[in-house]
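This report concerns only the one structure given below.
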Amino acid sequence: MSTLLKFYRPLFSIPYSTRTVQLGTHCFHSLFKPKRRIRCVSTSSHSQPSIGIGGKWESPEFSELWLQNTISRKKEVFRPKTEGKVGMYVCGVTAYDLSHIGHARVYVTFDVLYRYLRHLGYQVTYVRNFTDVDDKIIARAKELGEDPISLSRRYCEEFNRDMVYLHCLPPSAEPRVSDHMPQILDMIKQIIENGYAYIVDGDVYFSVEKFPDYGRLSGRKLEDNRAGERVAVDSRKKHPADFALWKTAKEGEPFWDSPWGPGRPGWHIECSAMSAAYLGYSFDIHGGGMDLVFPHHENEIAQSCAVCNHSNISYWIHNGFVTVDSEKMSKSLGNFFTIRQVIDLYHPLALRLFLLGTHYQSPINYADVLLESASDRIFYIYQVPQYPTSLQMEEACLSSLSLPSSQPTPHRHMNTLHDCESALSQRDVVTLKDTIPPDTVNIINNFYNVFVTSMSDDLHTPVVLAALSDPLKTINDLLHTRKGKKQELRIESLAAFGKILGNVLSTLGLMPESYSEILQQLRDKALKRAKLTEDQVLQKIDERTAARKNKEYERSDIIRKDLAAVGIALMDSPDGTTWRPAVPLAIQEQQVSIT
């Protein structure tokens, strides 16, 4: 085998030019390709920050991060190659259309991993590419009569907007295939020189028989890789599983010059070249959807090892599918919903919560009932009414008085994080004391222990979401019950709860810029789903108030039920009747039948 040439160092030492991209009210940085070529080296514990909340709490003893590694088929403790630093590459979208919620799941999953690694104190270099040269892009561009690179650039921008909506942090670098042809060509040359590829009429193919470990990631045997089953049919190939590194240009398609003639790269070589350019051949985490295990990631391993005998990615992480009626959601099957379609009716954070409500490795079935539940839950997190709804109160009165309806007794309107924020804003933080009551410390420590142990156990986000209930209930008690209002160091406790909840919600990517703004946005989405305006709802409330005043309880009951049927719940208090989003009655019945 010839000498290995033009290898790459990890990104950590590479200078970058930085620009700022403005999308609406959100601003993020895009990092571009390195200014100089680098060469292959093998790189070889982490700090745990303390969380201060009006005082400091020690991290729980179990703080080692465990991740399910596809290549070993077991859960392994995370050990970075370089202490305190993590290199992570996640395969990005092929940008030829709007992204669907299967894509959303991939990038929300790895955004949570990125956030949690940073929470643990790691310096993370997160690279997520764009594929902007591909058969699908070319086909779509022909269909629309558009330049393929321009079309792809447009959909890259749309994808980044979707990521902003979903509160996904921008990665450290977002390389595009069209900007990395020199690196791709260098890698193909090296693979050929090292004897792993062959040339046929201007096409270059990787010879899988030359790589003995082929199939290690997916567990597939070489004889299982039959042509036509995710492997292109081509009688010129030496083995049916051989895959293209370079494709000869066809008339009307974009092309680049190469030693083998004009053409463009194959899909798999793109990620090998870009990951090596930014992270080196040996880095910590490579991720993507489960559908990429074979052939994409299997082929990446073969390519990278064919170039650099030190190539090694420690952890291969893959998320489960989003399904529709138990079938994988995909553009090719035509059973997909775009992110834009979903967030037109549901708040993006409701979609994010829906995705986090199932462990990332398990399949998750898309259904309106689950999006409604997530929307209701996210409203609950930010503003939790702990009083009976008018529906519950009126039905109770009906059963006791045998009347069509009745006058409910007033109940206090109670919120959590929104009211906590309001209460704290009225106090001078400088005057707060350094201590908080032992009960508050215990609740916070228990909650934080659940957070760290669950997240460190392969990102068990559903457990963390369930654990939010205890601190939220305690906040409600401090804000609204007679006993809670009299508690010593009440404001200090609220500040401590606000701090720890903000920290956890931020790590999950669920921390809004403003509680009041997101509550209004959630109301607006509920009105859109109900096909009502707020003025129409307020008019119905006035009609119901008049009916109750006139003892027209049956009329009052009809108005309340009609609104509840479309997801508008009426809430009675001494100050009058208000409304909040709720799961529509028909969907509530579906939930009961499911459980």
Side-chain angles (χ1 to χ4, degrees), residues 1-10 37-42 70-71 87 89-92 94 127 129 131 133-134 175 177 180-200 203-218 220 222 225 230-232 234 237-247 256 258-260 263-283 285-288 292-314 316 318:
M1 184 179 293
S2 62
T3 303
L4 305 176
L5 302 174
K6 295 182 181 175
F7 298 152
Y8 300 99
R9 281 201 302 260
R37 300 282 179 83
I38 44 182
R39 66 189 190 98
C40 171
V41 295
S42 180
T70 304
I71 202 163
Y89 186 93
V90 175
C91 290
T94 300
V127 182
N129 75 293
T131 295
V133 179
D134 185 81
V177 174
H180 292 76
M181 286 301 164
Q183 291 92 334
I184 292 170
L185 290 168
D186 284 349
M187 180 173 275
I188 296 173
K189 289 177 192 175
Q190 198 65 60
I191 293 173
I192 295 171
E193 188 176 334
N194 291 345
Y196 287 93
Y198 56 93
I199 306 164
V200 182
D203 292 327
V204 181
Y205 289 100
F206 188 95
S207 179
V208 295
E209 291 181 304
K210 295 289 184 71
F211 186 65
D213 281 343
Y214 193 79
R216 181 185 169 201
L217 179 69
S218 62
R220 294 169 65 110
L222 196 56
N225 300 321
R230 304 204 74 183
V231 180
D234 190 334
K237 296 194 294 186
K238 294 180 179 179
H239 188 281
D242 291 351
F243 55 91
L245 301 175
W246 188 261
K247 300 179 179 181
W256 288 260
S258 81
W260 321 286
R264 56 189 171 85
W267 175 34
H268 313 298
I269 194 69
E270 301 167 352
C271 284
S272 285
M274 288 186 287
S275 63
Y278 288 82
L279 298 173
Y281 281 93
S282 183
F283 57 93
I285 297 170
H286 198 315
L292 298 186
V293 173
F294 184 88
H296 187 52
H297 287 166
E298 192 75 73
N299 291 350
E300 279 193 62
I301 292 173
Q303 293 165 159
S304 298
C305 290
V307 175
C308 177
N309 55 16
H310 295 297
S311 178
N312 176 262
I313 288 85
S314 301
W316 289 86
H318 298 90

Considering all heavy atoms, the nearest His239-Tyr198 contact: N-OH, 4.3 Å
Side-chain donor-acceptor pair present, His180, Tyr278, cut-off under 3.5 Å: yes
Residues in ring pair (Phe, Tyr, Trp, His ring centres under 6.0 Å) contact with His318, at least two apart in sequence or another chain: His297
Pairwise distance NE2(His268) to NE2(His296) - rounded to 0.5 angstrom: 7.0 Å
Distance-minimising heavy-atom pair for Gly215 and Glu298: N-OE2, 3.0 Å
Flag, side chain of Asn129 to backbone of Pro175, donor-acceptor distance under 3.5 Å: no
Residue pair Pro265 / Val177, side-chain heavy-atom distance below 4.5 Å: yes
Nearest non-hydrogen partners of Leu222 and Ala241, listed with the distance: CD1-CB, 4.3 Å
Which atom of Leu279 lies closest to which atom of Gly87, heavy atoms considered: CD2-CA, 3.9 Å
Mutual orientation of the aromatic rings belonging to Trp316 and His286 [parallel < 30°, tilted 30-60°, perpendicular > 60°]: parallel
By side-chain contact (heavy atoms from CB on, under 4.5 Å) - contacts of Lys247 (at least two apart): Asp135, Asp203, Ala244, Arg264
Interatomic distance, Phe294 atom CZ to Asn299 atom CG [nearest 0.5 angstrom]: 6.5 Å
Worked verdict on Leu185 versus Trp256 for side-chain contact (heavy atoms from CB on, under 4.5 Å): CA-CA 10 Å; Leu185 290 168; Trp256 288 260; 5.7 Å; no
Check: Ser272 main-chain N/O paired with Ser275 side-chain donor or acceptor under 3.5 Å: yes
OG on Ser258 to NZ on Lys189, rounded to 0.5 Å: 8.5 Å
Check: Asn312 side chain, Ser282 main-chain N or O, donor-acceptor pair, under 3.5 Å: no
Pair Met181-Val133, side-chain contact (heavy atoms from CB on, under 4.5 Å): steps then yes or no: CA-CA 11 Å; Met181 286 301 164; Val133 179; 4.2 Å; yes
Pairwise distance CZ(Arg216) to CD1(Ile71) - rounded to 0.5 angstrom: 4.0 Å
Minimal non-hydrogen separation, Cys308 against Tyr281, with atom names: CB-CG, 3.7 Å
Reported OG-to-CZ distance for the pair Ser311 and Phe283, which is rounded to 0.5 angstrom: 7.5 Å
Contact check, side chains of Val208 and Phe243, non-hydrogen atoms, under 4.5 Å: yes
For Ala197, side-chain contact (heavy atoms from CB on, under 4.5 Å) partners two or more places apart: Ile191, Ile192, Val204, Leu245
Mutual orientation of the aromatic rings belonging to Phe206 and Phe211 [parallel < 30°, tilted 30-60°, perpendicular > 60°]: perpendicular
From Tyr214 atom OH to Asp242 atom CG, the distance as rounded to the nearest 0.5 Å: 8.5 Å
Ile269 backbone acceptor or donor facing Gln303 side chain under 3.5 Å: yes
